[in-house]
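Sequence positions, counted from 1, serve as the residue numbers for this chain.
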Amino acid sequence: TGLGEVYLNDIDSDEIKEFETLKLSLPEDVRSRLKSIKGDFFAIEISELINKVDLILCRNFLHFLTDQQIEKLFSGI
């Protein structure tokens, strides 16, 4: 089946801009599948993505969260 859509989420506009700039060096068939979503992970509307997502990879993430956000994140596991 190959590559599906890949989503990058970041609260920092500069990180989103860097991602979008890096995408420009990729072939169009790959670039068109890479999406960026700016904002707080807990504030963005992910309901339309929930059935598309097979994996969430978080890097350097937990130390930014409040105790309540950590509890919410792991409550469904």
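Both L26 and L8 sit in one connected hydrophobic cluster of ILVMFWY residues. Membership requires side-chain heavy atoms under 4.5 Å apart, directly or through other members. If you chain together hydrophobic residues whose side chains sit under 4.5 Å apart, L24 and V30 never meet in one group.
The line from CD1 of I11 to CD1 of I37 is 13.5 Å long, rounded to the nearest 0.5 Å. The distance from the CG atom of L65 to the CD atom of E71 is 12.5 Å, given to the nearest 0.5 Å. Atom CG of D29 and atom CZ of R33 lie 6.0 Å apart (nearest 0.5 Å).
Here E28 pairs with R31, S32 under the side chain to side chain contact (heavy atoms under 4.5 Å, CB included) rule; sequence neighbours left out.
Contact record, K38 with N9: C-ND2, 4.2 Å, taken as the closest heavy-atom pair.
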Which donor-acceptor pairs under 3.5 Å do side chains of residues 13-21 form with protein atoms, sequence neighbours excluded?
unit_1: E20; atom_1: OE1; unit_2: K23; atom_2: NZ; d: 3.1
unit_1: E20; atom_1: OE2; unit_2: S36; atom_2: OG; d: 2.5
unit_1: T21; atom_1: OG1; unit_2: K17; atom_2: O; d: 2.9

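Annotation: K35, atom NZ; neighbour count of heavy atoms from other residues, nucleotides and ligands within 6.0 Å is above 12.
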